[in-house]
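Worksheet: one structure, shown below.
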Amino acid sequence: MERTLRLSPRQQLFLDLVRQVPEANIAAVETYLYFARVASDLFANQQAFFGRYELSEGKLVVLQLLRQAPHYRLTPSALAEAAGVTRGTMTGLLAGLERSGLVKRDEHPEDGRMFSIELSEAALDLFERILPERINRIMQFMSSLTEEEQHQLRAFLKKMERGLPALSAS
């Protein structure tokens with residue numbers, strides 16, 4: 001069953017208001033709203049996938065950083081810096097991951113005043129389960145586009161990224 005792209009009621013209301021502005025480019029606004037709708041749905045589906053495993057995007061980033069680190073171990077400050085978050089945010093992420101049994105806190109091997117965070121066996125097992133599924137779902141999602149269309153989409157997204165400053169209030 002093929003789905004038709006529809007705007008949310010709020011987006012439709014906004015589009016109706018835009019139609020009342022004579023100089024408005026209706027096609028540009030409508031395209032933007034469709035893009036926003038797909039992006040929102042994509043994000044919601046991603047959150048639902050992570051939620052099945054009691055993860056968030058932030059927690060997954062921490063697990064990925066640890067998975068790529070030597071001996072699956074890093075300090076909280078190194079994790080915060082690599083993830084681009086504050087130490088306070090990292091403390092919260094690590095507390096949740098520790099409660100879930102996905103990381104463990106150990107004394108730092110070189111400095112007894114510090115501690116390091118290490119992936120648990122449960123986290124390694126989790127990677128084995130969710131990584132193939134996540135990759136498969138992404139490939140299925142993208143299979144609606146040919147390789148050429150995917151290339152074109154990446155080019156369009158790069159152009160759109162350059163236009164992002166126009167959306168922010170300065």
Side-chain angles (χ1 to χ4, degrees), residues 1-68 79-80 82-86 88-97 99-103 119 122-170:
M1 180 175 154
E2 188 172 320
R3 291 180 57 184
T4 58
L5 187 59
R6 291 187 323 218
L7 299 177
S8 72
R10 283 185 283 172
Q11 290 172 318
Q12 188 60 56
L13 180 62
F14 180 67
L15 188 59
D16 293 343
L17 289 171
V18 169
R19 286 190 173 106
Q20 297 172 19
V21 178
E23 65 274 7
N25 180 336
I26 305 300
V29 173
E30 189 172 30
T31 301
Y32 167 84
L33 291 173
Y34 281 136
F35 179 79
R37 178 64 191 253
V38 170
S40 176
D41 289 349
L42 187 143
F43 183 73
N45 281 293
Q46 176 178 284
Q47 293 304 102
F49 177 81
F50 293 154
R52 287 190 6 232
Y53 298 96
E54 297 179 24
L55 292 174
S56 64
E57 186 173 3
K59 287 179 180 179
L60 191 59
V61 166
V62 173
L63 295 175
Q64 289 171 333
L65 288 168
L66 288 168
R67 178 75 168 82
Q68 294 175 340
L79 282 166
V85 299
T86 66
T89 297
M90 184 55 63
T91 298
L93 291 168
L94 292 174
L97 289 167
R99 277 191 304 275
S100 300
L102 296 174
V103 299
L119 276 182
L124 293 169
D125 292 343
L126 182 65
F127 271 109
E128 295 299 317
R129 287 195 329 266
I130 70 170
L131 190 58
E133 181 183 356
R134 184 74 180 131
I135 291 168
N136 188 46
R137 287 176 179 274
I138 291 169
M139 288 173 23
Q140 286 177 350
F141 171 72
M142 294 307 297
S143 71
S144 63
L145 300 176
T146 65
E147 283 189 36
E148 177 59 29
E149 289 168 332
Q150 290 177 39
H151 176 75
Q152 290 171 348
L153 178 59
R154 285 191 301 275
F156 291 147
L157 291 171
K158 285 177 188 176
K159 285 183 176 184
M160 291 172 72
E161 184 180 38
R162 289 194 300 267
L164 281 174
L167 295 175
S168 63
S170 358

_CA sep, side-chain torsions, deciding dist, call: Leu157, Phe35, side-chain contact (heavy atoms from CB on, under 4.5 Å)_ = CA-CA 11 Å; Leu157 291 171; Phe35 179 79; 3.7 Å; yes
*Might you point out which heavy atoms bring Pro132 and Phe127 nearest each other, and give the distance in Å?*
CD-O, 3.8 Å
*Nearest non-hydrogen partners of Ala122 and Gly101, listed with the distance*: CB-O, 3.7 Å
*Evaluate the side-chain contact (heavy atoms from CB on, under 4.5 Å) criterion for residues Leu93 and Leu79: first the C-alpha distance (whole Å), next the side-chain angles of each, then the deciding distance (0.1 Å), finally the verdict.*
CA-CA 10 Å; Leu93 291 168; Leu79 282 166; over 6 Å; no
*asked:* Checking Leu60 against Ile130 for the side-chain contact (heavy atoms from CB on, under 4.5 Å) test, could you report, in this order, the C-alpha distance in whole Å, the side-chain angles of both residues, the deciding distance, and whether it holds?
replied: CA-CA 11 Å; Leu60 191 59; Ile130 70 170; 4.2 Å; yes
_Heavy-atom count check: over 12 atoms from other residues, nucleotides or ligands less than 6.0 Å from Tyr53 OH?_
yes
*For the residue pair Val29 and Asn25, establish whether any side-chain heavy-atom pair is separated by less than 4.5 Å.*
no
*Donor-acceptor contact present, side-chain Ser143 to main-chain Gln140, <3.5 Å*: yes
*Would you find more than 12 non-hydrogen atoms of other residues, nucleotides or ligands less than 6.0 Å from Arg6 atom CZ?*
no
*Rounded to the nearest 0.5 Å, what's the gap from CE on Met90 to CG on Leu65? Could you check?*
7.0 Å
_Polar side-chain atom of Ser100 near backbone of Gly96 as donor-acceptor pair, under 3.5 Å_ = yes
*side-chain contact (heavy atoms from CB on, under 4.5 Å) with Leu102: which of Asp125, Leu119, Leu126, Val62?*
Leu126
*Got a second to check how far Arg137's CZ is from Phe141's CZ, nearest 0.5 Å?*
13.0 Å
*CZ of Phe49 to CD of Glu133: how many Å apart, nearest 0.5 Å?*
4.0 Å
*Drop me the distance from Leu94's CG to Arg99's CZ, to the nearest 0.5 angstrom.*
10.5 Å
_Ser8 OG to Asp41 CG distance, which is reported to the nearest 0.5 Å_ = 9.5 Å
*Considering all heavy atoms of both residues, which atom of Lys59 and which atom of Glu54 are nearest to each other, and what is their separation?*
NZ-O, 3.9 Å
_Interatomic distance, Ile138 atom CD1 to Leu42 atom CG [nearest 0.5 angstrom]_ = 8.5 Å
*What's the verdict on side-chain contact (heavy atoms from CB on, under 4.5 Å) for Leu124 and Arg67, showing C-alpha distance, side-chain angles and the deciding distance?*
CA-CA 8 Å; Leu124 293 169; Arg67 178 75 168 82; 3.8 Å; yes
*asked:* Taking the side chain as everything from C-beta on, heavy atoms only, tell me whether Phe14 gets closer than 4.5 Å to Arg10.
replied: no
*Judged by modelled atom types alone, do Arg134 and Gln46 share a side-chain donor-acceptor pair under 3.5 Å?*
yes
_Which atom of Leu7 lies closest to which atom of Gln12, heavy atoms considered_ = CD1-OE1, 3.7 Å
*So, for Gln150 and Met142, which heavy atoms are closest and what is the spacing to 0.1 Å?*
NE2-O, 3.2 Å
